[in-house]
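In the text below, chain A, chain B and the rest are named by the order of the sequence lines, each starting its count at 1. Note that the structure is a prediction, hence the values are computed from the model and not measured.
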Amino acid sequence: MAATLYDKIWHEHVVREYDDGSVLLYVDRHLLHEVTSPQAFEGLRLAGRRVRRPDLVLATVDHNVPTRHRDSVSDPVAAEQIAALQRNAKEYGIRYLGLSHPEQGIVHVVGPELGFTLPGTTIVCGDSHTSTHGAFGALAFGIGTSEVEHVLATQTIRIRKSQTFRVRFVGRLPAGVTAKDMILYFIGLVGPAGGTGFVLEFCGDPIRALSMEERMTVCNMSIEAGARAGLIAPDKVTFDYIAADDRPFAPRGRALHEAISRWEKLVSDYDAQFDREMELNIASLEPQVTWGTSPGMVTGISGKVPEPEEVEHFSADDVAKSLTYARLKPGQKMVDIPIDVVFLGSCTNGRLTDLRIAAEILKGKKISPHVRMIVVPGSERIRRHAEQMGLDKIFREAGAEWRHAGCSMCLAMNEDRLDPGQRCASTTNRNFESRQGHDSITHLVSPATAAASAIAGHLSDPREYFT
Amino acid sequence: MQPFVKCRGKLAVLYRANIDTDQIIPKQFLKSVARTGYGENLFFEWRYDASGRPDPSFVLNRPEYDKATILVAGNNFGCGSSREHAVWALMQFGFRAVVAPWKEESPGKRIPAFADIFRSNSTRNGLLTIELTTDEVQWLVSQDRKYGPLEATVDLVSQTITVQGTPRETFHFEIPPDDKKMLLQGLDHIDTTLKDLGEIERFERKHNVQMPTADKSPGL
Ligand code: SF4
């Protein structure tokens, strides 16, 4: 019978089926970070259980860590949480990328970088953006802490099958418009819950044309459309990425060749049935920017703040509340909105290509004197590579701050945060109320738009830099 | 975990769509390594003003809604971050169930009431998520506006929520059978799964052959 890519990976991992409709699914890879794991380890300890397969687990610290320096964590509560993960990793024999480890970084950045993320595998993490890893054709999704404990104890997860939703992009992406704009556009079309209950499969020529880093940006934000997972079938781009020199967890030599011949079968059959399908033409897509407090509240950069009644997927009441929160008025042009801060980073857009595209725009220029810009690479490896390419110098000379790796101002758990009333053009994934700091305002944008906006001092169209 | 069979209590209405887990429990409270202590910071940004004083107009600060056990919210409740702390905060505040509407955006296109991960986290802690139709939830909201806090009984066995008083109204809700079983029995899933350890081990041997790289022990 014709099968989707999701069906194929699912089928490979079913340990047993239960008569209540759920299955026990085997987990190939388990990623941990400091915020959602301590209570899971505590649960294990109380029940006297062990970690069944510590060899399939990788832990890193990212959410809480300081990005200015690496010597100490000044917040004692955060320090305790980081220390707890270190202790737990040691006690249970789990690989741990601590604050001073050269491969430390955001969990969804380091997994792929190290070759831990591989096609056809099942990957879970106590983090909703685990969907990122779907860019490799892995079935990857976020779980809660109780499930983290279950996976640690059993290396399986009990779950029901999702429905499938094929998202086909067509047309050629215009210059200056990026993967981030593609996914924001999609979220605007289906709404913040349009993908709930589904696993998305992104396909079409524009997806094939994307690099692995860009594909990760697309899959990363599946969850912003409500979908727990997003998938892209692996191809030569994927295999070349995995075959690169410095991926210690990836197979090598003959094992890699054998793996690739298996991975090549990881595609949806041509006659496979999806529960929902959608086609998006991006030939005339413009850079996207959010104006509200949900990632689905999005428009083109040449657009305006909408009237409350005219926004699909949101009630007039909810839009009005968002606009009050964001201190915006219907009819305001997006490019007229001044900004105070630019944040470049996160598991959505903190990778080398993201930094490079922003640096190309900033090269030889200065950011607006009213704007503070913070650049936080997604991993220490990216930081090193960027420094080898001289990107850090470009950022510094433009007036931006260059930091160490972490989640930083994506969720503002460490000391990097906005002040009340401050407005930020941010390359992250969530513009929820107070996400980047109490009473702060977030506009989600691509790295190119972020850089152009930093120079202009207001939200700005990056396409002028690409002609 | 705490089983859920039946509960009777007051309804608190927070009728907004897309209430995300960042609102339910903001990040500054996620630094704790404990499972308790989240209740007092539930909806922190909405409950307290900038100086830390309770905002008297926010529903959970209004005395007539004190000790509410059922929260009524808008569509797509619990979206965003996977943080289970959101469920812990709701339960530690005193909520046993959350009611939200699913909606039909266009014929055949059903938008669920709750975000996937939130729903799964809730079930694993004994917090019942109740999906009603938009009309039913709007009826609850309008009754609340007219008469003040409503009282209701939720019965998981019969899958009903009954609003007390006049008019007395009973609504039926759907729930997947595995979730229902887990909630009714208050099952610890790990125990159940470990009974299948033999199957897991058998699977691992076979899985190794089929997908060697997936099971290869990675080493840094
Ligand atoms: S960068 Fe942001 S979205 Fe990504 S894992 Fe960190 S906090 Fe979550």
Side-chain angles (χ1 to χ4, degrees), chain A residues 12 15-16 18 20-22 24 26 28 35-36 38-39 49 55 64 77-78 80-81 84 95 116 118 120-121 126-128 142-147 149-150 153-156 158 160 192-194 196-197 226 228 248-249 251 255 259 294 314-315 318 411-413 420 430 432-435 438, chain B residues 1 16-18 20 22-23 26-28 30-35 45 50 74-76 79-85 87 105 109-112 114-117 120-121 124-125 176-178 181 188-190 192-194 196-197 199-200 203-204 207 210-220:
Chain A
E12 288 273 329
V15 175
R16 68 158 290 187
Y18 296 96
D20 60 14
S22 62
L24 199 60
Y26 195 74
D28 295 318
V35 176
T36 55
Q39 295 86 355
R49 291 179 178 127
D55 55 321
N64 251 335
V77 195
E80 168 48 28
Q81 202 169 49
R95 284 180 198 82
F116 192 71
L118 294 176
T121 56
D127 195 284
S128 60
I143 57 177
T145 298
S146 296
E147 289 173 306
E149 186 180 336
H150 187 280
T154 69
Q155 203 57 34
T156 63
R158 204 162 155 172
R160 283 190 303 273
T196 306
R228 228 171 158 175
F249 292 152
S294 163
F314 298 93
S315 71
D318 287 334
L411 91 164
M413 245 183 113
R430 285 183 178 141
F432 297 156
E433 285 183 25
S434 297
R435 169 88 176 176
H438 171 71
Chain B
M1 104 188 206
R16 257 183 99 152
N18 307 306
D20 57 77
D22 274 75
Q23 305 316 315
K27 71 273 182 154
Q28 61 267 38
L30 306 185
K31 292 177 187 169
S32 161
V33 295
R35 230 177 222 273
E45 301 281 350
N75 176 260
N76 196 26
C79 61
S81 158
S82 63
R83 58 187 73 163
E84 197 163 312
H85 311 67
V87 175
E105 272 210 330
K109 224 166 81 192
R110 190 184 198 273
I111 306 284
F114 298 95
D116 277 342
I117 305 177
S120 150
N121 288 343
R124 277 159 179 75
N125 285 275
D178 51 331
K181 193 165 100 191
D188 174 355
H189 250 350
I190 299 180
T192 328
T193 302
L194 285 174
D196 288 326
L197 196 58
E199 292 228 29
I200 299 173
F203 175 89
E204 274 174 331
H207 193 52
Q210 284 185 354
M211 296 183 67
T213 54
D215 249 9
K216 188 181 73 124
S217 305
L220 265 186

If the condition is side-chain contact (heavy atoms from CB on, under 4.5 Å), which residues does Ser81(B) pass it with, not counting sequence neighbours?
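Residues passing side-chain contact (heavy atoms from CB on, under 4.5 Å) with Ser81(B): Arg430(A), Thr21(B), Asp22(B), Arg83(B).
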Measure the [atom1]-[atom2] distance between [X] and [Y] for me, rounded to the nearest 0.5 Å.
| X | Y | atom1 | atom2 | value |
| --- | --- | --- | --- | --- |
| Leu24(A) | Glu199(B) | CG | CD | 8.5 Å |
| His189(B) | His150(A) | NE2 | NE2 | 6.0 Å |
| Thr192(B) | Tyr18(A) | OG1 | OH | 7.0 Å |
| Phe432(A) | Asn18(B) | CZ | CG | 8.0 Å |
| Asp116(B) | Ser128(A) | CG | OG | 11.5 Å |

Decide side-chain contact (heavy atoms from CB on, under 4.5 Å) for Phe203(B) and Thr156(A); before the verdict, give the C-alpha distance in whole Å, the side-chain angles of both, and the deciding distance to 0.1 Å.
CA-CA 11 Å; Phe203(B) 175 89; Thr156(A) 63; over 6 Å; no
Heavy-atom distances under 4.5 Å only: say whether [X] touches chain B with side chain, backbone, both or neither.
| X | result |
| --- | --- |
| Ala153(A) | both |
| Thr196(A) | both |
| Leu411(A) | both |

Just wondering, do Arg228(A) and Ser120(B) contact through their side chains at under 4.5 Å, heavy atoms?
yes
Between Gln155(A) and Glu204(B), is there a donor-acceptor pair closer than 3.5 Å when you use the side chain of the first and the backbone of the second?
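Checked: no pair found.
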Any donor-acceptor N/O pair, Lys181(B) side chain to Asp20(A) backbone, under 3.5 Å
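Between the backbone of Asp20(A) and the side chain of Lys181(B) there is no qualifying donor-acceptor contact (under 3.5 Å).
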Most heavy-atom pairs under 4.5 angstrom with chain B, which of Pro192(A), Ala78(A), Ser315(A), Ala84(A)?
Pro192(A)
Do Ser146(A) and Glu84(B) have a side chain donor and acceptor closer than 3.5 Å?
yes
To check you understand the geometry: which heavy-atom pair defines the closest contact between Ser22(A) and Asp178(B), and what is its length?
CB-OD2, 3.4 Å
